[in-house]
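Input: a single structure, listed below in C-alpha cells.
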Amino acid sequence: MVHDVEERFGPIDILVNNAGIAAARGLDDITEEDFDRTIEINLKSVFLCTQAVLPGMRTRRWGRIVNISSIGARIGAGTVSVAYGASKAGVEGLTRAYALRLATSGVTVNAVAPGLVDTEMGKPLIESGVINRIPVGRAGTGDEIAHAVIFLAGNGYMTGQAIAVNGGSLFS
C-alpha cells in the first residue's frame with residue numbers, strides 16, 4: 001500500500017493512522033476472534049503502516065505521524081468492549097514508544113484521542129444517551145477531530161502526546 005501511494009503521489013511525509021473497529025460485546029460475550037480482529041485492525045495496522053513509512057521519513061529527516069486513539073484508551077474503556085479499550089491503549093503506547101525513539105530524527109509521533117464522535121460507529125453510544133454525560137452536550141464532528149490532526153501535523157516540537165478531543169467528557 002505504501003509503495004503504491006509513493007509511486008502515485010510521491011514520498012509520504014504525513015501519516016494518519018485512522019483505522020478502527022469496535023465490536024460492542026459484553027465481557028462475557030466477546031470471543032477470541034472478536035478480540036484478535038480488533039487488535040489486528042486497531043493496533044497492528046498502526047505498527048505496520050508506521051514501519052512502512054519510517055525509512056523514507058528518516059532519510060528525509062522529516063515526518064509527522066498522527067495516530068487516532070480513543071477516549072476508550074483511558075476512561076470508558078469498557079464502554080464499547082475490553083478489546084477496543086485495550087487496542088486503543090496500545091495505540092497510545094506505540095505513540096509514546098515511537099516518539100521516544102524518533103525524537104532526534106525529525107519525525108514526530110502523536111495521537112488524537114476522540115471522545116464520542118457523530119459517526120456510524122458512535123451511533124449506538126449516542127442512542128444509549130451517553131451525550132447526556134458530555135459537558136458540551138453533543139457528540140463531536142469529524143471536522144473537529146481533523147483540526148486536531150492538522151495541528152499535530154504542523155507542530156515539529158510536540159511529540160509523544162495524546163490530545164483528548166472529547167467535549168470535556170469524563171464518562172467511564
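Nothing here was measured: the structure is a model prediction, and the numbers come from that model.
Linking Ile, Leu, Val, Met, Phe, Trp and Tyr residues whenever their side-chain heavy atoms come within less than 4.5 Å leaves Val107 and Leu100 in two separate clusters. Linking Ile, Leu, Val, Met, Phe, Trp and Tyr residues whenever their side-chain heavy atoms come within less than 4.5 Å leaves Ile145 and Ile150 in two separate clusters. Cluster annotation: Val53 and Phe9 are assigned to the same hydrophobic cluster (Ile/Leu/Val/Met/Phe/Trp/Tyr, side-chain heavy-atom contacts under 4.5 Å, transitive). Taking hydrophobic clusters as Ile, Leu, Val, Met, Phe, Trp and Tyr residues chained together by side-chain heavy-atom distances below 4.5 Å, Val2 does not share a cluster with Val66.
A distance-only check finds no donor-acceptor pair linking the side chain of Arg74 to the backbone of Gly85 [under 3.5 Å]. Here the side chain of Asn166 pairs no donor or acceptor atom with the backbone of Ala113 at under 3.5 angstrom. A donor-acceptor pair under 3.5 Å links the side-chain atoms of Arg101 to the main chain of Ala97, judged by distance alone. Side chain of Thr159 to main chain of Val109: a donor-acceptor pair is present (N/O by atom type, distance under 3.5 Å, no hydrogens or angles). Side chain of Arg60 to backbone of Ile12: a donor-acceptor contact under 3.5 angstrom is found.
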Run the side-chain donor-acceptor check on residues 38-52: report pairs under 3.5 Å with partners two or more places apart or on a different chain.
residue: Thr38; atom: OG1; partner: Asp34; partner atom: O; Å: 2.8
residue: Asn42; atom: OD1; partner: Ile21; partner atom: N; Å: 2.7
residue: Asn42; atom: ND2; partner: Ile21; partner atom: O; Å: 2.9
residue: Asn42; atom: ND2; partner: Ser87; partner atom: OG; Å: 3.1
residue: Ser45; atom: OG; partner: Ile41; partner atom: O; Å: 2.5
residue: Thr50; atom: OG1; partner: Asn17; partner atom: ND2; Å: 3.2
residue: Thr50; atom: OG1; partner: Val46; partner atom: O; Å: 2.7
residue: Gln51; atom: OE1; partner: Tyr98; partner atom: OH; Å: 2.7

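Taking 4.5 Å as the limit, some side-chain heavy atom of Lys123 sits within range of a side-chain heavy atom of Glu120. Side-chain contact check for Ile65 versus Ile14: every heavy-atom pair is 4.5 Å or farther apart. Within the 4.5 Å cutoff, the side chain of Ile68 has heavy atoms near those of the Pro114 side chain.
The minimum heavy-atom distance linking Ser81 with Ile30 is given by the pair OG-CD1, 4.2 Å. Closest approach of Ala73 to Ser69, counting heavy atoms only: CB-OG, 3.5 Å. In terms of heavy-atom proximity, Met158 sits nearest to Asn155 at N-OD1, 2.9 Å. Heavy-atom minimum distance, Lys88 versus Gly20: NZ-CA, 4.4 Å.
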For this session: Take Asn67 and Asn110, measure what side-chain contact (heavy atoms from CB on, under 4.5 Å) needs, and give me the verdict at the end.
Result: CA-CA 6 Å; Asn67 300 320; Asn110 291 289; over 6 Å; no
For this session: Could you walk me through whether Ile163 and Leu152 pass side-chain contact (heavy atoms from CB on, under 4.5 Å), step by step?
Result: CA-CA 9 Å; Ile163 298 176; Leu152 291 171; 3.5 Å; yes
Exercise. Can Val165 and Val117 be said to form a side-chain contact (heavy atoms from CB on, under 4.5 Å), step by step?
Worked result: CA-CA 10 Å; Val165 183; Val117 179; over 6 Å; no
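A side-chain contact (heavy atoms from CB on, under 4.5 Å) with Met57 is found for one member of Leu15, Leu102, Asp13, Thr108 and no other, namely Leu15.
Of the charged side-chain nitrogens involved, at least one lies within less than 4.0 Å of a carboxylate oxygen, so that Arg138 and Glu144 count as a salt-bridged pair.
Counted by atom type alone, Thr95 and Glu92 present zero donor-acceptor pairs between their side chains at under 3.5 Å.
Cation-pi geometry between Arg58 and Trp62 is not met at under 6.0 angstrom from the ring centre and within 45 degrees of the axis.
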